[in-house]
Amino acid sequence: MNVLKEILAMIKNYDTIIIHRHQRPDPDAIGSQVGLAEILRESFPKKQIFQAGGPVEGLEFLAEMDTVADECYKGALVIVTDTANAPRISDERYSLGDKLIKMDHHPNDDPYGDLVWVNPKASSCSEIIADFYHENQTELVMNNKAARLLYAGIVGDTGRFLYPSTTPHTLNVAAELMTYDFNTAELNRELEQIPMSVAKLAGYVYQNIDVDENGAAKVTLPQSLMDEYGIVDSETAAIVSLPGVIDEVVAWAIFVEQPEGYYRVRLRSKGPIINELAKQHHGGGHPLASGANAKDDKEVAVIYQKIQQLCKQYKK
Ligand code: AMP
């Protein structure tokens, strides 16, 4: 039996299913998590299906989380979407269930769970959930809500079908999701819309980006600047891709200082592989889109030097 069929067989065995995703959620985390939840609610009305995790941080237009009592985990099946490493799962009660399933599209560095379905070639975890639906179409039911969420996840993780992870299959999946009844144009607008404060920060990013002769770029956002612009960490998602449109830029890091004093490092690349570098600094992710952490300015400098090295090698 293939894994997608095994996952359905396990789902059928449980009355309560609780679905988690990663901390600091993005549209694909929420899209895959709640998209799956909606498919299961529509397909199995007698089962109790919950979506669990911390605050959705500005993505309320997609979905909100359920309040899930600790007792619900007893004898429940837990599914985690879009989360490569167990420590990044939101929230930590994911381990309280009877069985655990991992469904993801990041490199499978931490294969937690009793059943694991990971496809790093998929553009997004939402694409994987759509594949899961397809594989089991005779027993599962898609609805408008699920289609909207999965579509949002795909648009989010492919940068509107721009990134190299976008395949003909991705476009086929998105096209089919569009046949359901939801307002694609409005959803795309909601995903793109930024507050004035973030627009001003975008100006700062373009004014202050440093790029070396090999295309290694960096921008540092100190906490004092975040306060001045009235920005919180989750809002930096909207500016991470901006350096990518600059001709001279090959790979880049945005160092976002956190209230605790360490830096969240958001890494992106047009060619050089950056996830190995991310792993060396308490992070990970995709070959061309990763995240890491730097404890101080010294580690920030070390990470940037490594990006410079990668860009230099890439140019050769
Ligand atoms: P971000 O810059 O947060 O949008 O992250 C880009 C990619 O890197 C996503 O696929 C994340 O899952 C991954 N990532 C970010 N931070 C971490 C981390 N601390 N550990 C592992 N993977 C991460």
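Source: prediction; values computed, not measured. Starting from 1, each residue takes its place in the sequence as its number.
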Given salt bridge (Lys or Arg N to Asp or Glu O under 4.0 Å), test Lys12 with Glu139 step by step and report yes or no.
CA-CA 10 Å; Lys12 285 195 224 133; Glu139 296 179 83; 2.4 Å; yes
As a quick check of understanding, evaluate side-chain contact (heavy atoms from CB on, under 4.5 Å) for Val232 and Glu235, giving each step before the final call.
CA-CA 6 Å; Val232 292; Glu235 292 177 302; 3.6 Å; yes
Verdict with reasoning, Asp104 to Thr83, per side-chain contact (heavy atoms from CB on, under 4.5 Å):
CA-CA 6 Å; Asp104 187 30; Thr83 313; 5.8 Å; no
Apply the test side-chain hydrogen bond (donor to acceptor under 3.5 Å, both in side chains) to residues Asp82 and His22: give CA-CA distance (whole Å), side-chain angles for both, the deciding distance (0.1 Å), then the verdict.
CA-CA 7 Å; Asp82 197 37; His22 61 78; 3.0 Å; yes
Given side-chain hydrogen bond (donor to acceptor under 3.5 Å, both in side chains), test Lys102 with Asn108 step by step and report yes or no.
CA-CA 10 Å; Lys102 173 185 186 183; Asn108 196 12; 2.7 Å; yes
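Under 3.5 Å, the side chains of His106 and Asn275 contain no donor-acceptor pair of N or O atoms. Between the side chains of Thr81 and Ser32, at least one donor N or O sits under 3.5 Å from an acceptor N or O. If you check the side chains of Glu299 and His281, you find a donor sitting under 3.5 Å from an acceptor.
Rounding to the nearest 0.5 angstrom, the gap separating the CG atom in Leu150 from the CD atom in Glu176 is 11.0 Å. Rounding to the nearest 0.5 Å gives a distance of 10.0 Å between CH2 of Trp252 and CG of Leu267. Taking CD of Glu135 as the reference point, atom CG of Leu4 lies at 5.5 Å (rounded to 0.5 Å). For the atom pair Leu310 CG and Tyr314 OH, the distance stands at 11.5 Å (nearest 0.5 Å). A distance of 10.0 Å separates CG of Asp157 from CD of Glu127, quoted to the nearest 0.5 Å. Atom CG of Asp98 and atom CG of Leu77 lie 8.0 Å apart (nearest 0.5 Å).
Between Thr16 and Cys72 the shortest heavy-atom distance is CG2-O, 3.8 Å. Closest approach of Met65 and Gly54 over heavy atoms only: CG-O, 3.6 Å. When all heavy atoms of Ser126 and Gly153 are compared, the closest pair comes out as OG-CA, 3.3 Å. Nearest approach of His20 to Gln33, heavy atoms of both residues: CA-NE2, 3.8 Å. Heavy atoms only, all atoms of each residue included: Asp66 and Ile49 are closest at OD2-O, 4.0 Å. Minimum heavy-atom separation, Ser290 to Ala278: CB-CB, 3.6 Å.
Between Asp233 and Arg24 there is a salt bridge, since at least one side-chain N of the basic residue sits less than 4.0 Å from a carboxylate O of the acidic one. Residues Asp296 and Lys298 are not paired through a salt bridge, judged by the lack of any N-O separation under 4.0 Å between the basic side chain and the carboxylate. Using a 4.0 Å cut-off between a side-chain N of Lys or Arg and a carboxylate O of Asp or Glu, Glu38 and Arg148 do not qualify as a salt bridge. Looking at Arg160 and Glu192, a side-chain N of the basic residue comes within less than 4.0 Å of a carboxylate O on the acidic one, giving a salt bridge.
Under a cut-off of 6.0 angstrom, the local environment of NZ in Lys145 is sparse, with at most 12 non-hydrogen atoms contributed by other residues, nucleotides or ligands. Heavy-atom neighbours of Lys312 NZ from other residues, nucleotides or ligands within 6.0 Å: at or below the threshold of 12. A 6.0 Å sphere centred on CD of Gln313 holds more than 12 heavy atoms belonging to other residues, nucleotides or ligands.
Linking ILVMFWY side-chain heavy atoms closer than 4.5 Å, directly or via other members, places Met103 and Ile17 in a single hydrophobic cluster.
With sequence neighbours excluded, the residues that form a side-chain hydrogen bond (donor to acceptor under 3.5 Å, both in side chains) with Asp109 are Lys279.
In this structure, Lys218 satisfies the cation-pi test against Tyr304, with its NZ or CZ atom closer than 6.0 Å to the six-membered ring centre and inside 45 degrees of the ring normal.
Within the structure, side-chain hydrogen bond (donor to acceptor under 3.5 Å, both in side chains) pairs that include any residue of residues 48-65 comprise Arg41-Gln51 (at least two apart or interchain).
In this structure, the side chains of Leu288 and Arg268 stay at 4.5 Å or more apart for every pair of heavy atoms.
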